A.B. asks: 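Input: one structure, supplied below.
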Amino acid sequence: MEYNFFEIEKKWQSFWSSHKTFKVDIEPSKPKFYVLDMFPYPSGAGLHVGHPLGYIASDIYSRFKRLKGFNVLHPMGYDAFGLPTEQYAIQTGQPPEQTTANNIKRYREQLDKLGFSYDWEREICTCDPSYYKWTQWAFLKMFHHWYNTDSGKAEPVENLIKEFERHGNSKIKAAHHCPDLFSAEEWKSFTEKEKEDVLMCYRIAYLGETSVNWCPALGTVLANDEVKEGVSVRGGYPVVQKKMKQWQLRVSAYAERLLEGLEDLAWSDSLKEMQRNWIGKSEGAEMEFSVSNGSDTFSMTVFTTRADTIFGVTFMVLAPESDWVEKLTVPERKKQVQEYLDYVKTKTERERMTQTHRVTGVFTGSYALNPFTGNQIPFWISEYVLAGYGTGAIMAVPAHDSRDYIFAKTYDLPIVPLIEGCDVSMGSFDAKEGVMCNSGFLNGLSVQEAIPAAIEEVERRKLGHRKINYRLRDAIFSRQRYWGEPFPIYYQNEIPRPLPETSLPLKLPGLYSFKPSSNGEPPLANAKNWTYEGYPLEKSTMPGFAGSSAYYLRYMDPWNTECLVSEQANHYWQDVDLYIGGTEHATGHLIYSRFWNKFLYDLGFVCKDEPFKKLVNQGMIQGRSNFVYRIKNTNTFVSLNLKDNYETTEIHVDVNLVQNDRLDTEAFRAWNPEYKNAEFILEEGTYICGWGIEKMSKSMFNVVNPDTICAQYGADTLRMYEMFLGPLEQSKPWDTNGIDGVHRFLKKFWRLFFDNNGSNIVSNEKPDAKELKILHNLIHKVEEDIEHFSFNTTISAFMISVNKLTDLDCHKKDILEPLVVLISPYAPHIAEELWAQLGRIPSVANANFPVFDPEFTKENFYEYPVSFNGKLRFKRSMDLTLKKEEIEKLIQGDERTLKYTEGKSIKKIIVVPGKIINIVV
RNA sequence: GCUCGGGUGGUGGAAUAGGUAGACACGCAGGACUUAAAAUCCUGUGGACAGUAAUGUCCGUACGGGUUCGAUUCCCGUCCCGAGCACCA
């Protein structure tokens, strides 16, 4: 019997499916383990070989943990709401529901061929009303809560109202954006609308005016992580800043907890660093400056991390979008300021991004008073100051900040150095080191001492206070699109009202047109009766990250109609032990999910503060493109190594026509009518193609579909080969050149069980020490490698062991049976078949991981006595502790050793065969 | 500009509490089996030099220094590649 992967894989996939082999339930007697993949967005293109990389790794880990006796939750689903499907609907008129269903079907077929051990009973889809009910439910909870910075958690809005009735809002410590203070009496005198407006400033999900990333081409706003370099991540359309009223989530309230929570997570340092950058904590002080425009005097606050440089403040700068612009512009400067503001408005976000460090600005005519020097300092406006960070105004210290320096040089403003010996003739001195000068009471202190000293003085003189700022902004939560979760919100006399929870889910209405309505409103404006009890419903929908923020919780209890996840299920499964996915979600999904989870934790719906204990980022699989070389103005193609003799054009060729860089010339002729009569100049009888690494995409003809590989080599080969390609976390090109080696290995593995005639040759003979040693070395290696995610080196170990057993002609059951278990996470189909051949049914999934016994692998060095005439003979590296005279005897004759250790006493010698490799003196 | 990774044969990659560099695989070359092919198996394969040969010597982990008996691994500097952030005061 040959290794017939096609039959074997078909057989066992249907067996696993019909026997529900991988179905899991709560089993309190067993320890749980939760392995999660980042669920895919089912796009029209289907899966390519890059997608399964992470899924294979997580499947290996899941199967391994199962063999180790864990009750493993390993689910899969689809992140189905999103822009591409909607764009497709606009172009073709095909409803997104339909497109999504088709794409999911295709994804499922492709996934099924790879032999994953998912519990498909728990499959979820974010666009399913029974799922998005809980997305809407969470939104309502956020609407009904506010963040108490005193208790450090979310609390019901009812508490807040009681507090307002007692003391107004002056005592309460909350994350909010309420501009005014009011007393209890004032609160009581507010109209209902006024009260709602105030509460909106405290809710965790709130409707608020804000500057947003507006993408005109997509007709929607986008979150910060959906915009890169001034264009949309999806589609690459320009994005502009616009003030709009949008639903937002008060993620910023959780900034400190999101930062602290990173500490104990087993995530890569680079990923944690990305999140820290995104949260952007900076400690400093807010300082008050008295500002006069000639007629009025105001108190203005700025934020700085360098309070120590206060004596070097020679001007102030305001962001062009700041509300203070009007107040500080004196009448005689109005014209120039307006011209400048007009100029700034003409620039798109992209231009402002790409033209950084361009120095522009205008003087307002107002002056501030430096509270320490008493100097009058001019107040300018410049686009290099951002409205959204700090207070939208800065104190400029040109000597010690490079941006301020360039600005000062351009507009001829004074530069006062504050650090002894620093040279500011050519540039600013930004480093936080040196000794202060020109700084009054700070003179003589080091910068490190001066910073806290300055803040203390500022606080003592009541000119300001310590302050921590975060770059993390609240998440904009509305999208002017159709294909997303509807908001459970209606408007009663302009006041946003929540739907009762009992009316969830609020289902999307079916539409005929998915374009924005003619008056620029979102597509839902086209829906008939988009109302609740006669009141209009919110027409925006939620963004893509809404549905993916808590999906890992839903997997724990996907059938529950009463709650997101039952307390019982949540307490059993707790959190995700291992999360595998791409690094592209570092500042999007992984921040929102952590926020969402922390919010639900505050409300007591989940038992863990952090959702993902360990996270592994798989690398991207790039495409390996192949090229042919056409001689200019001919239809003749020349092989790679001969091309330099001609003038040629490089042309992409479909990688499916190429094997091991050799072109199938007949297939090439058939590929495209243009090449029907192509001629070839061969080298050594074949046409060799050139190659290059590019992104895997249709236009480069380098997309490799896993189905093709499965048909040719089988899923087990594909799984092993993807792992063999290199370290999981590393990005690497897809390259089929080595796949034969893995396939050959599986055939060789098969032949341990069957001879050439297909007879089962497994024997019951007892294994000897040599064979046991091979086995136990492998057990040890597999165990260690899987725990460390070194899947590529395990495969080498398998190959070595199988080669050794083949050489020994070992077909003993006691060796082969554990070997099947060891390989089953990697190549489950062949393992399952051989498991059955050994008479061990029903499933290898119920087996136990073989126990490693170090006794079998131990080297007893007394068996290899020291026979020393210039060389030491030992089998493997080991530590020896010998008596002094023995050591002296050993090193006699080894000149090198003698030289190294002259005059020193040796404590220990480490040896390998034939050589001393370590001498501890 | 800042932060974090990373530079090892023709190729993918092994090996770092410092200790036989190049495991394993691909490719290539030679051989066996075969009428032939496929499949399978065996041998060789970092470079240079010497030798009929077994073998030996030297050079080799981006580059230049340092620590050490010993450095791919640790330290300092330089160059290159990748990722992320980017006027965050």
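Quick note on labels: first sequence line is chain A, next is B, and so on, each numbered from 1. FYI, side chains are in, hydrogens and waters are out, and symmetry mates aren't considered; it's all heavy atoms of this structure. Just so it is clear, the structure is predicted and the values come from calculations on it, not from any experiment.
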A.B. asks: Of A/Ile800 and A/Arg306, whose closest RNA chain B nucleotide lies nearer the 5' terminus?
C.D. replies: A/Ile800
A.B. asks: List for me each residue that meets side-chain hydrogen bond (donor to acceptor under 3.5 Å, both in side chains) alongside A/Lys748, sequence neighbours excluded, and say none if there are none.
C.D. replies: A/Asn803
A.B. asks: Can you list the steps and then say if A/Phe379 with A/Phe315 is a ring-ring contact (aromatic ring centres under 6.0 Å, His included)?
C.D. replies: CA-CA 6 Å; A/Phe379 223 118; A/Phe315 59 101; 9.8 Å; no
A.B. asks: Give a yes or no on whether the backbone of A/Glu286 and the side-chain of A/Thr301 come within a donor-acceptor separation of less than 3.5 Å.
C.D. replies: no
A.B. asks: Tabulated below should be each protein N or O lying under 3.5 Å from an N or O of nucleotides 41-43 of chain B; please produce it.
C.D. replies:
| residue | atom | partner | partner atom | Å |
| --- | --- | --- | --- | --- |
| B/rC41 | OP1 | A/Arg751 | NH2 | 3.3 |

A.B. asks: If you look only at pairs with a residue in residues 780-799 of chain A, which of them pass as a salt bridge (Lys or Arg N to Asp or Glu O under 4.0 Å), with sequence neighbours excluded?
C.D. replies: A/Lys65-A/Glu787, A/Lys68-A/Glu783, A/Lys781-A/Asp785
A.B. asks: Which pairs pass side-chain hydrogen bond (donor to acceptor under 3.5 Å, both in side chains) with one or both residues in residues 389-401 of chain A, sequence neighbours excluded?
C.D. replies: A/Ser282-A/Tyr389, A/Asp401-A/Arg403
A.B. asks: What stems show up for RNA chain B when you take Watson-Crick pairs (N1-N3 plus N6-O4 or O6-N4) and G-U wobbles (N1-O2, O6-N3), both under 3.5 Å, and require three or more consecutive pairs?
C.D. replies: B:1-7 with B:79-85, B:10-12 with B:24-26, B:27-32 with B:40-45, B:46-50 with B:55-59, B:62-66 with B:74-78
A.B. asks: So, is A/Asn803 near the phosphate of B/rA25, with a side-chain N or O under 4.0 Å from OP1 or OP2?
C.D. replies: yes
A.B. asks: Tabulate protein N/O versus nucleotide N/O from nucleotides 10-16 of chain B, keeping only pairs under 3.5 Å, one per line.
C.D. replies:
| residue | atom | partner | partner atom | Å |
| --- | --- | --- | --- | --- |
| B/rG12 | O2' | A/Leu725 | O | 2.7 |
| B/rG13 | OP1 | A/Gln730 | NE2 | 2.7 |
| B/rA14 | OP1 | A/Asn792 | ND2 | 3.1 |

A.B. asks: Of A/Glu273 and A/Gly280, whose nearest nucleotide on RNA chain B comes first from the 5' end?
C.D. replies: A/Glu273
A.B. asks: I'd like to know whether the aromatic ring centres of A/Trp380 and A/Tyr340 sit less than 6.0 Å apart in this structure.
C.D. replies: no
A.B. asks: Just do the side chain to side chain donor-acceptor pair (under 3.5 Å) check on A/Tyr826 and A/Asp716 with the steps written out, would you?
C.D. replies: CA-CA 7 Å; A/Tyr826 291 83; A/Asp716 284 341; over 6 Å; no
